[in-house]
Structure formats: C-alpha cells, structure tokens
Chemist: 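Supplied in structure tokens, the structure appears directly below.
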Amino acid sequence: MTQTTTSHAEGAHFERGLRAFFEYRDLGIAKATNGAFGANVIRGIPGAHATGQWHTHDLPFQMFFVLKGWVRFEYEDIGEKTFKAGDCCYQPRLVKHREIEHSEDVEILEITGPAEFETKEVTPPAKAAAAE
C-alpha cells in the first residue's frame, strides 16, 4: 500500500538532469506511483542558457506550470510563446519544441505520465507556426 508522500521546500535537494541549463528537484511522485507519474520542480542555473535544440518527448502526458520568472518556448504547432509565473502549458506527445530562453530566476513545476520517458533531438520543423 502506498503511503501519503510529501516533499518540503526547506532543505530540498536539486540536481543536474536532462538539460545542462536546469536543475531538478524530484518531488517523490515517481517513487510513490511506481513510475506512473513524475513531478519535478525545475529551476534555471544562473549563467547557464538554453541551447535552442528542437526535441520531442514520447509520453502520453506532460504539463508545466511556471512558479517564478519566465520561459520562452517555440512549438511546431503554435509558434513562440512566453510563459510567466502562473502560466501553464500542456505539451502533446511528440510535439516538436525547443526552449529559446528563460529568466535567471525561473522555476517550473513539471508533471509527467509516466515519470520516465524518451527525449529525442529532432530536426527543426519545416515551418513552425507563426507566434500569436
């Protein structure tokens, strides 16, 4: 039987992960759900910047919510979007996208299903959608 799982900000541990310009705080959801879901707080590493590499993620569910600062992404289907604190985005399976830039103080909550998934670098889309 799974126990109630908690994660406290005080003394939280962040570590390097998928992107060299971010560090990640595992909120314990992957362990609590046997990998069915994952949840991480992601924050920018001061002085480190996005590389702008187009990529996809192969998973049925991925969303993020900006907690602090801002981040700018480009998506093949909706173009460039800037997300500020309080903004949310659902990214469909295999949508081509890339991070363009973020504020030094950015913090993002990301929730995925499942916790582990494939990320693949891809060629840029033939023509990304115009930004709105």
Side-chain angles (χ1 to χ4, degrees):
M1 177 179 199
T2 301
Q3 291 186 327
T4 300
T5 299
T6 64
S7 178
H8 298 274
E10 186 174 333
H13 174 72
F14 283 79
E15 59 186 47
R16 301 288 171 106
L18 178 63
R19 304 276 172 231
F21 43 87
F22 284 145
E23 55 186 7
Y24 301 77
R25 174 182 160 206
D26 181 350
L27 299 179
I29 304 304
K31 183 177 178 185
T33 64
N34 285 330
F37 299 94
N40 291 280
V41 174
I42 303 168
R43 68 182 181 192
I45 298 171
H49 304 285
T51 59
Q53 176 61 48
W54 285 92
H55 61 281
T56 61
H57 304 293
D58 191 2
L59 72 169
F61 182 83
Q62 179 183 27
M63 63 84 60
F64 68 83
F65 182 89
V66 180
L67 301 168
K68 184 178 177 184
W70 58 267
V71 61
R72 184 181 342 257
F73 282 94
E74 184 176 10
Y75 295 91
E76 68 178 319
D77 58 345
I78 61 171
E80 280 189 30
K81 298 291 178 187
T82 299
F83 301 94
K84 300 174 186 172
D87 294 343
C88 179
C89 179
Y90 164 74
Q91 295 180 167
R93 174 182 245 150
L94 298 174
V95 66
K96 288 183 179 183
H97 64 285
R98 67 184 180 135
E99 191 211 326
I100 297 171
E101 61 182 332
H102 60 266
S103 62
E104 291 281 316
D105 65 343
V106 72
E107 289 187 7
I108 300 165
L109 171 65
E110 179 184 56
I111 300 172
T112 64
E116 298 291 325
F117 53 90
E118 181 183 10
T119 297
K120 183 187 281 186
E121 290 188 358
V122 294
T123 58
K127 181 180 177 192
E132 294 177 16

Chemist: Nearest 0.5 angstrom please: Glu23 CD to Ile42 CD1, how far?
Modeler: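 Here the rounded value is 11.0 Å.
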Chemist: Under the ring-ring contact (aromatic ring centres under 6.0 Å, His included) test, which residues partner Phe64, sequence neighbours left out?
Modeler: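 By the ring-ring contact (aromatic ring centres under 6.0 Å, His included) rule, Phe64 matches Phe73, Phe83.
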Chemist: Got a donor-acceptor contact below 3.5 angstrom from the His8 side chain to the Thr6 backbone?
Modeler: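 Not confirmed, His8 side chain does not pair with Thr6 backbone.
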Chemist: Which hydrophobic side chains are connected to Ile29, either touching it within the sub-4.5 Å cutoff or through other members that do?
Modeler: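 Answer for Ile29: Phe14, Leu27, Phe37, Val41, Phe61, Met63, Phe65, Leu67, Tyr90, Leu109, Ile111.
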Chemist: Show the nearest heavy-atom pair for residues Arg93 and Pro60, with the distance to one decimal.
Modeler: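 Closest pair (atom of Arg93, atom of Pro60, distance): NH2-CD, 3.6 Å.
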Chemist: I'd like to check His55 versus His97 (side-chain heavy atoms, cut-off strictly below 4.5 Å). Are they in contact?
Modeler: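 Yes, their side chains come closer than 4.5 Å.
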Chemist: Considering residues at least two apart in sequence or located in another chain, which fulfil the side-chain hydrogen bond (donor to acceptor under 3.5 Å, both in side chains) criterion with Thr33?
Modeler: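 Scan of Thr33 (side-chain hydrogen bond (donor to acceptor under 3.5 Å, both in side chains), adjacent residues dropped) gives none.
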Chemist: Residues two or more places apart in sequence or in another chain: which of them pass side chain to side chain contact (heavy atoms under 4.5 Å, CB included) with Ala32?
Modeler: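 For Ala32, the residues satisfying side chain to side chain contact (heavy atoms under 4.5 Å, CB included) (neighbours in sequence not counted) are Thr2, Thr5.
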Chemist: Keeping the roles fixed (side chain from Glu76, backbone from Lys96), state whether a donor-acceptor pair exists under 3.5 Å.
Modeler: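 Judged by distance alone, yes, a pair lies under 3.5 Å.
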Chemist: Just jot down the side-chain hydrogen bond (donor to acceptor under 3.5 Å, both in side chains) partners of Gln62, sequence neighbours excluded, or say none.
Modeler: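 Expected list: Gln91, Glu110.
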Chemist: What distance separates Arg72 CZ from Ser103 OG, expressed to the nearest 0.5 Å?
Modeler: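 With rounding to 0.5 Å, CZ (Arg72) is 10.5 Å from OG (Ser103).
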Chemist: If you measure from CG on Asn40 to OG1 on Thr112, what distance do you get to the nearest 0.5 Å?
Modeler: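 Rounded to the nearest 0.5 Å, the CG-OG1 separation comes out at 7.0 Å.
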Chemist: Decide whether Ile45 and Ile100 are clustered together by the hydrophobic rule: side chain heavy atoms of Ile, Leu, Val, Met, Phe, Trp, Tyr closer than 4.5 Å, transitively.
Modeler: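 Unlinked, Ile45 and Ile100 end up in two clusters.
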Chemist: Other than Trp70, which residues form its hydrophobic cluster under the rule that side-chain heavy atoms must be closer than 4.5 Å?
Modeler: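 Other cluster members: none.
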Chemist: Please report the interatomic distance CZ(Arg43) to CD1(Ile108), rounded to the nearest 0.5 Å.
Modeler: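 One gets 12.5 Å once the value is rounded to the nearest 0.5 Å.
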Chemist: Below 4.5 Å, heavy atoms only, C-beta onward: do Glu99 and Val71 meet side chain to side chain?
Modeler: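 Yes - at least one pair of side-chain heavy atoms lies under 4.5 Å apart.
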Chemist: Mind checking whether His102 and Phe22 have parallel, tilted or perpendicular rings, split at 30° and 60°?
Modeler: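 Taking Phe22 first and then His102, their aromatic rings sit tilted (interplane angle of 30° to 60°).
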Chemist: Would you check, one step at a time, whether the test side-chain contact (heavy atoms from CB on, under 4.5 Å) holds for Val106 with Lys68?
Modeler: CA-CA 5 Å; Val106 72; Lys68 184 178 177 184; over 6 Å; no
Chemist: Ignoring hydrogens, what is the shortest heavy-atom contact between Ala9 and Arg25? Give both atom names and the distance.
Modeler: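 Minimum heavy-atom contact is N-NH2, 3.5 Å.
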